[in-house]
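A note on names: the letters A, B, ... follow the listed sequences, proteins ahead of strands, and every chain is numbered from 1.
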Amino acid sequence: MNMINKTIPLLIFLSLLITSSCGFSLEFSLFADMTMTDSSQDETNNQFVLGEVDFFATEELGDNSRAFIEYVFEQTDEGLVTDLERLWISREVGDNLIVAAGRFHTPLGRWNRTYHHGAFMQETISRPFFLDFEDGAAGVLPVHIVGLMALARQPYHWGELTYEAFVANGPSINTDEFGFTASADGKPEIDINTGGDVNNDKAYGLRVAAEQHDYLSAGFFFFQSTIAESGAGVNSSVELGGDLLEQLITGLDLRLEIGEFDLLAEAYHFDNDSKVGDSKSHNAGAYFAQFGWAPTTKLKIIVRHETLDVKKDDSYFQLLGAGDEKRNLLALRYELSVSNTLKFEFNHRAPENRASENVVSLQWAFIVP
Amino acid sequence: MKNILRPKLTSFTILLFIALLPCVSMADLILVAKANFPLDSVRATDVSAIWLGEKHSFSNLSRIRVVDLEPGNPLYEQFYKEIVGLTGAPLNIYWKKKMFTGKSFRPKQVRSIEDVIRLVTQVPGVIGYIDSSEFTDELKVLRITRHRSQ
């Protein structure tokens with residue numbers, strides 16, 4: 001069954017490539033990368049890692065409609081995994097409003113909606129750790145959604161206000177396998193329920209941003225959801241579809257570019273209201289601030305600080321195996337050409353409940369347009 | 001024999017060069033909108049930003065849509081070189097990155113100047129570029145300035 005689950009998306013994707021070569025106008029581009037990493041931890045090998053291979057395409061379906069697809073091929077311990085990361089159809093309704101349906105990246109801050117899965121796109125090798133994807137080691141945010149999205153923009157003389165509003169399947173977590181506290185054996189991931197929801201509770205949210213071209217952008221966002229049990233509930237005593245916790249995520253993001261300097265910062269606040277166990281409410285926070293300096297058109301130097309600050313008895317972070325952590329990184333990016341870049345990164349990771357670690361990475365990332 | 005042919009060949013070459021001259025010279029490119037478009041002139045930086053999907057309106061704040069000729073068309077090449085300032089592979093990769101974000105998409109491309117004129121005159125808010133020899137009364141020329149738009 002597992003084999004079928006992995007093979008069918010691959011066949012669908014290959015058929016899309018074949019139909020595109022037979023005259024259908026869908027034209028795929030791809031991002032890919034090769035990374036070399038080394039860690040200060042003895043048990044971690046230095047290694048070469050083949051990164052995600054990210055195919056994407058978009059096509060106008062008529063004067064006002066458009067489709068977008070993004071497929072990621074990833075080599076994991078379980079073999080080659082294919083993920084349909086984004087698939088949506090949109091339609092322009094009036095001059096400044098677009099409605100869309102499908103699977104999107106959640107409008108949480110700016111990073112998640114700008115870089116998506118494109119390693120070549122992001123200036124550093126790594127994402128801020130708390131913005132990791134749901135199936136990643138540090139994922140604590142529902143960075144994807146499946147549902148409806150409305151995008152609106154209101155022009156002003158100084159720039160424009162943009163609105164991204166959505167309603168989507170609520171996230172869920174399966175507590176059956178690992179219980180209510182993540183362990184060395186593993187942790188559950190946030191399930192965004194692409195194939196269907198486990199209950200009638202929908203997630204909704206909005207990001208409003210003031211933008212002046214690409215030079216200045218300031219946004220506010222929120223994400224409201226009820227996180228449900230997507231297992232049988234053998235550990236949580238909550239049956240499938242029952243509420244595990246109510247969650248409100250709010251945040252701010254800022255991007256500023258002045259000459260060869262730029263700043264990107266995002267701050268998140270979690271309000272987790274547990275519906276099981278002690279039924280307590282907990283607050284948590286996370287932020288990152290990244291400064292960039294481009295002394296030449298080809299070279300950029302980047303420093304970034306990342307922090308996740310959580311309460312020890314917050315069941316949401318216990319479930320996901322996340323605790324207080326700070327990371328500081330220094331990165332260099334050198335453009336070899338418009339289509340490929342070399343990136344270096346030194347990342348100091350200081351989790352509260354584990355030994356600190358230094359990770360050095362070198363990446364060659366590219367786009368095939 | 002060679003001496004007899006040389007003046008004829010030289011004259012022929014000069015005539016051929018003169019005959020081909022209009023083909024290799026730069027077209028007289030103009031930016032056009034529908035005749036009732038509210039602006040007479042626009043800033044070159046705004047035109048570039050709108051064609052690159054970074055802006056969506058001029059100073060009057062009404063939504064602008066643009067129409068492109070296809071790559072390879074001499075007018076397309078001239079417009080992107082002289083006005084937009086981005087051509088070839090860098091332009092292509094710029095759009096791939098922009099489209100990847102899902103927020104801006106490449107301008108609609110049409111094959112002929114007739115198609116440009118049809119869209120400009122029939123769809124509100126559409127602007128495009130044509131050769132000045134194709135100008136019709138249904139259109140208005142938008143003067144491209146290096147200063148503030150009027």
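Taking the six-membered ring for Trp and the full ring otherwise, the centers of A/Tyr115 and B/Phe100 sit at least 6.0 Å from each other.
In this structure, CG in B/Asn92 is found 10.5 Å from OG in A/Ser339, a value given to the nearest 0.5 Å. The CG atom of A/Asn96 lies 8.0 Å from the OG atom of B/Ser57; values are rounded to the nearest 0.5 Å. For the atom pair OG (A/Ser29) and CD1 (B/Ile93), the distance works out to 9.5 Å, reported to the nearest 0.5 Å. One finds the NE2 atom of B/His56 at 13.0 Å from the CD atom of A/Gln154 (value rounded to the nearest 0.5 Å). For the atom pair A/Phe31 CZ and B/Lys97 NZ, the distance stands at 7.5 Å (nearest 0.5 Å). B/Thr101 OG1 to A/His116 NE2: the interatomic distance, rounded to the nearest 0.5 Å, is 6.0 Å.
Chain B forms more heavy-atom pairs under 4.5 Å with one residue of A/Arg113, A/Arg153, A/His157, A/His117 than with any other, namely A/Arg153. Note on A/Pro155, A/Ala100, A/Ala57: by heavy-atom pairs under 4.5 Å with chain B, the leading option is A/Pro155.
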Please report the C-alpha distance between A/Glu211 and B/Lys55 in whole Å, then the side-chain angles of each, then the deciding distance to 0.1 Å, and finally whether the salt bridge (charged side-chain N to carboxylate O under 4.0 Å, His left out) criterion is met.
CA-CA 10 Å; A/Glu211 297 185 352; B/Lys55 283 190 74 173; over 6 Å; no
Step by step, work out the salt bridge (charged side-chain N to carboxylate O under 4.0 Å, His left out) result for A/Glu92 and B/Arg63.
CA-CA 12 Å; A/Glu92 280 194 50; B/Arg63 175 68 192 272; 3.7 Å; yes
Can you list the steps and then say if A/Thr58 with B/Arg106 is a side chain to side chain contact (heavy atoms under 4.5 Å, CB included)?
CA-CA 10 Å; A/Thr58 181; B/Arg106 204 163 200 151; over 6 Å; no
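More than 12 heavy atoms of other residues, nucleotides or ligands shown are found within 6.0 angstrom of CD on A/Glu260.
In this structure, the portion of A/Glu164 lying under 4.5 Å from any heavy atom of chain B is its side chain and not its backbone.
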